[in-house]
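Labels below follow one simple rule: chain letters A, B, ... track the order of the sequence lines, proteins then strands, and each chain is numbered from 1. Bear in mind the structure is a predicted one, so any value in this text is a computation, not a measurement.
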Amino acid sequence: MISYLRRGLLQHLRHSRTLLALTVLGVALGVASVVAIQTLNQGSLLAFDGSVRAISGQADLSVTGTLPTFPESLLPTVLGDADVTAAWPLIRANVAVSGRPDLNLDVVGFDVFAPVRYPLQSAAATQADPFSSLHDALVQPGWVAITPELSAQEGWKVGDVIRVSSGSRALELTVGALVDFRRFEPLAPRRLAVMDIAQAQEMFGRPGRIQQIDIVLRKGADAPTVAVRLQAAVGPGVRVQTPEQRRQDASQLLAAFRLNLTALSLISVFVGVFLVLTAVQASLVRRRHEFGLLRSLGATRAQVMGLVLGEAAALGVLGVVLGVPLGWLAARHNLQTVSATLTSIYVTEGIDKLTLPPLVIALGAAVGLLGALGGALLPAWDLARRDPLRLLSPLSVHEAAGRAAGRLALAAAALAVGGSLWFFTAGHELRLGGFLYGLVMLLALPLLVPLLVRSVCGLARPGGFGFALSLRNLLARLQATGFAVAALAITVSMMFGITILVGSFRQTLVTWLDVTIRADIYISSESWQRTGNDAYLDPALLETLRSWPGVVSLEEQRRLRVLAVDGRPVWLNGLRLTDRPLPGVPQADMAGRLPLMAGEPHAAVAALRSGSVLIGEPLARKAHLGVGDTLRLAGPAGEVALPIAGVSYDYTSEGGTAFVNLDVLNARFDAAPPNNAALFLAPGTDVEATVDALKNALAGRPLVIRSNRTLRSEVLAVFDQTFAVTRTLQAMALLIAALGVSVTLLIQAHERAGELALLRALGATRRQVFGLFLGEGTAMGALGLLLGLGGGIGLAALLILVINRTWFGWTIRPAWPGATLGLQAVVVLAVAALAAVYPASRARLARPGQLTRDDL
Amino acid sequence: MTDDILQLESVTMTWDAGEGGGRTVLDGVDLNLARGEAVSLVGRSGSGKSTLLHVAAGIAVPTTGSVRLAGHDLTASSEEARTRLRRDHVGLVFQFFHLLPHLSLRENVAVPGWIAGDDRARTGHRADELLARVGLGDRAGDAVGKLSGGEMQRVALCRALLRGPALVLADEPTGSLDDRTGREVMDLLLEMTRAEGGALLYVTHSPELAARADRTWRLVDGRLLPGAAA
Ligand SMILES: Nc1ncnc2c1ncn2[C@@H]1O[C@H](COP(=O)(O)OP(=O)(O)OP(=O)(O)O)[C@@H](O)[C@H]1O
Ligand SMILES: [Mg+2]
């Protein structure tokens with residue numbers, strides 16, 4: 001049987017090279033989309049992991065603040081523990097490199113004499129005077145060690161000065177040494193730079209404050225036990241965690257992001273399975289005679305099934321071999337945008353290195369093989385089930401086509417009803433419930449194909465050699481064409497579902513921006529733009545802005561990452577908004593600028609003034625908080641309880657956000673200058689001219705000055721970038737579905753040689769036959785579109801109303817992005833028609849003299 | 001003779017037999033078929049009857065010689081032009097019917113009209129009318145799958161005659177039918193082509209059916225001889 005299998009496959013290869021290539025390509029694309037997404041997902045975790053390990057690799061425990069910084073006076077307390085053999089402080093700052101809009105450095109300040117094996121010391125050890133570089137680090141202002149990769153990439157040599165900025169301060173760093181952190185920790189970020197901690201504190205304006213204490217324990221000490229003891233000793237302002245715990249925090253932070261991408265990539269696999277199904281089914285129809293003969297010569301059902309599955313497995317292997325590298329390339333191609341999304345929304349660590357972990361390869365292989373086998377199972381079983389004689393008779397090809405349509409549609413309805421019942425009674429409580437529900441509904445979709453094809457194509461009354469005839473031909477070959485239509489329907493559902501989601505989200509965002517972005521000019525710093533953390537605007541600058549001609553009000557904002565008492569991270573925004581009526585500037589009225597979903601605007605304004613908090617919708621949903629409740633945050637000296645005066649729509653973060661008066665933030669958490677400022681101008685002042693004047697006056701300072709309009713469009717640009725990777729996935733799925741159309745029609749061109757020969761004999765020109773096939777491809781596209789439209793609307797509803805709410809917690813108002821959907825519909829039709837071009841060009845070669853007795 | 005629908009002059013047809021060799025199936029065939037005339041073509045299996053019909057229909061191009069169909073030189077025409085000439089002047093009937101199983105009787109008959117882009121209503125009426133004439137008028141909307149062989153061939157006959165072709169070519173139209181049914185179909189074929197004013201060239205292995213034509217041609221060793229008997 002094995003040798004038969006090999007022979008069958010070789011014969012296949014020779015006779016239908018194109019067909020095979022298309023099928024393998026389809027499997028490969030499915031595998032590739034999974035591999036690409038999982039590689040990126042892993043990359044996003046590894047990026048975080050890498051920087052944790054590069055910096056705290058040898059630490060058994062780390063102390064971090066509930067606020068970004070805490071006083072260094074905690075160090076003696078930590079060192080006082082009997083089990084602690086060493087502890088050293090760290091401070092981290094993200095600085096923007098001037099003139100390099102996409103480059104920031106992760107500067108770590110540490111104690112160069114810390115009793116640990118730091119790569120800096122090993123680098124120093126190789127020099128003639130081992131202590132000279134350490135000495136330089138202490139005395140030379142701005143001394144940093146950078147990685148050889150960064151040095152090579154930017155052309156920075158030892159002794160060069162790097163101009164960077166932190167907030168509104170421009171700083172100068174001097175390259176003091178090149179240190180290969182990757183030799184030490186392979187995943188270390190390329191953008192890591194190390195300097196002396198005292199210098200860093202001085203430079204970033206945080207004297208006496210540190211961000212982290214890394215701890216090495218006595219051999220044999222139990223880290224978790226020590227952590228609990230230390231936590232009690234250091235008090236509520238900081239957290240003592242093992243590296244593992246810190247990693248878990250990051251992975252939770254990224255969970256929703258990763259899950260979404262995973263779900264998307266699975267669609268490609270799903271579509272890929274249908275492609276395999278199409279190809280296997282078709283190759284079986286073509287070879288049923290052969291199988292019938294085998295069966296009548298004594299081959300058992302199991303043997304026939306094994307034969308078919310063996311061939312499918314071989315297809316799968318080829319697909320995997322091609323798909324894994326393809327996925328790797330796709331991941332690399334999307335690295336930039338995904339990394340940018342991560343850094344602009346989730347964590348400070350962008351992905352700058354991708355690895356292809358064996359686990360991801362294994363996953364890709366499993367998906368490819370199981371997909372191919374899964375796709376072959378149904379046709380193989382169908383084949384094995386039939387009795388040999390029926391297989392031998394040529395007529396049974398058309399039999400039963402569409403007869404099962406009603407039963408399948410009933411099954412779809414049962415699946416949909418059952419799924420809905422489950423979801424609305426129990427499933428919605430599960431976090432993955434929405435995804436499972438979506439999956440069940442998507443599974444029901446293909447079952448509707450026969451009914452749809454029958455009712456639509458059955459209506460076609462061909463009166464000429466045109467589209468109606470193409471439709472009728474599809475109906476006649478429902479068994480063969482149904483799979484391609486189903487694959488298209490699923491793809492279109494996914495495309496439309498996501499397009500409606502993104503379009504609705506964008507529309508919601510625009511409305512929200514209209515309410516919240518009211519000032520005329522916005523000022524922040526380059527380092528805030530890129531890293532978002534402690535990038536401050538200095539008080540002198542604020543004074544300059546306040547007294548600028550035409551400015552009637554200056555508003556300040558500061559954003560601080562704090563923790564709720566339950567450990568949930570919360571972005572706490574301190575606001576100093578315009579607190580008096582501005583004549584002629586009604587848009588500055590505070591009450592009109594709060595996008596409240598619960599609470600009364602004027603009451604909320606008054607409450608904010610008196611120390612209450614507004615919380616963002618995601619926080620309200622996830623922590624089950626509402627107006628009248630209390631938000632409990634971990635302050636530097638214990639719990640800070642803030643009464644909640646309102647819940648506002650907020651799309652800045654899927655985690656928690658909260659808004660307090662800036663004075664409250666400074667007094668109860670951490671006093672520091674603001675990160676951002678906004679200006680209201682007197683009525684009639686030219687905004688763009690003022691922006692230009694400010695830019696001129698402040699040239700050379702690391703500031704970002706934008707008008708209302710510019711800021712708004714930049715926010716939308718970030719939004720669009722976030723969804724850029726979904727377009728790659730959509731394109732991949734569409735490509736697979738298109739391959740399904742090609743494969744199906746290619747087989748049709750072969751199978752229907754007799755019919756085509758007849759038409760040619762009856763006087764149809766080659767062009768007409770070509771057109772007939774093109775019409776069939778387009779008809780498949782149209783049918784897939786029709787079914788996919790329904791599926792897409794359902795999927796969008798699920799994404800907007802269920803999945804988004806559970807995972808992100810945002811209210812998205814459904815919108816209908818008609819133009820984009822229309823364009824996509826055209827693309828789907830065009831792609832389906834294009835997919836038919838090659839098969840059609842084969843079909844047109846049918847010769848009128850080819851009619852034999854077996855035909856038709 | 002300008003009135004001839006089909007003229008072949010010294011037509012030879014050599015099929016490529018591979019390795020440089022060739023198999024000459026038609027060897028200097030001359031023939032004239034007048035409009036409205038019915039001619040039967042006989043000969044042993046493999047003698048080239050089907051090949052001759054293919055050449056006449058412009059499906060195959062002879063190796064040498066010329067073929068004129070309705071006054072047009074087929075051998076000098078492009079593939080596309082030959083297809084159009086076939087579409088407009090020739091009706092074909094095959095031994096194995098070759099109906100499209102997913103279309104109804106009426107639709108099968110209408111296919112040549114669709115291909116030619118004829119008015120759809122007129123084509124439909126014409127199909128119905130022809131089907132009525134072969135006794136299948138009441139089943140025009142049925143699928144063809146359940147028809148008997150004789151019924152299928154009658155549908156195929158209607159299809160060949162749909163556009164009133166000047167020449168009907170029938171390759172063993174009764175070859176898959178029993179004697180009685182074959183005779184009935186032959187009756188219809190002769191009678192209807194005559195009524196439509198078309199010429200008919202049909203291949204048959206039955207001397208009895210061959211004798212019903214105005215004339216009989218016989219293919220022997222690639223040469224066309226007049227007369228029937230062996
Ligand atoms: N396309 C072709 N290529 C090569 N040889 C061909 C081709 N078509 C027919 N032949 C050969 O030409 C010869 C004549 O075939 P043809 O079909 O014309 O015979 P026929 O008289 O119709 O026979 P039958 O009565 O069995 O139908 C045969 O030997 C056949 O093998
Ligand atoms: Mg023949």
When you measure from the side chain of [X] to the backbone N and O of [Y], does any donor-acceptor pair fall under 3.5 Å?
| X | Y | result |
| --- | --- | --- |
| B:Thr123 | B:Asp119 | yes |
| B:Thr75 | B:Ser66 | no |
| B:Ser206 | B:Leu209 | yes |

Open item on the list: To the closest 0.5 Å, what do you measure between CD (B:Glu151) and NZ (B:Lys146)?
Closed with: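 B:Glu151 CD to B:Lys146 NZ: 12.0 Å, rounded to 0.5 Å.
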- [ ] Working to the nearest 0.5 Å, report the span between OG of A:Ser455 and CG of A:Leu475.
- [x] 9.5 Å
Under 4.5 Å heavy-atom distance to chain A, tell me which part of [X] shows up: side chain, backbone, both or neither.
| X | answer |
| --- | --- |
| B:Gln95 | neither |
| B:Phe94 | side chain |
| B:Ser50 | neither |
| B:Leu103 | both |
| B:Arg159 | side chain |

If the threshold is 4.0 Å, N to carboxylate O, is there a salt bridge linking [X] and [Y]?
| X | Y | value |
| --- | --- | --- |
| B:Arg133 | B:Glu196 | yes |
| B:Asp171 | B:Lys49 | no |
| B:Arg154 | B:Glu184 | no |

TODO: May I ask you to check whether B:Thr12 and B:Thr64 show a side-chain donor-acceptor distance below 3.5 Å?
DONE: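 Per modelled atom types, B:Thr12 and B:Thr64 side chains form a pair under 3.5 Å.
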Open item on the list: I need the contact set between residues 759-772 of chain A and chain B: heavy-atom distance under 4.5 Å, sorted by residue number.
Closed with: A:Leu759, A:Arg760, A:Ala761, A:Leu762, A:Gly763, A:Ala764, A:Thr765, A:Arg766, A:Arg767, A:Gln768
Open item on the list: Suppose a student defines contact as a heavy atom less than 4.5 Å from any heavy atom of chain B. Which residues in residues 778-788 of chain A would they list?
Closed with: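 Heavy-atom contacts from residues 778-788 of chain A to chain B are absent.
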Open item on the list: Please evaluate residues B:Leu105 and B:Leu131 with respect to the criterion side chain to side chain contact (heavy atoms under 4.5 Å, CB included), reporting the C-alpha separation (whole Å), side-chain torsions for both, the decisive distance (0.1 Å), and the verdict.
Closed with: CA-CA 8 Å; B:Leu105 270 65; B:Leu131 283 169; 4.1 Å; yes
- [ ] Give the minimum heavy-atom separation between B:Gly65 and B:Pro62, together with the two atoms involved.
- [x] O-CG, 4.3 Å
Task: 4.5 Å side-chain heavy-atom contact, B:Arg86 and A:Pro848 - done: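 Yes. Closest side-chain heavy atoms under 4.5 Å.
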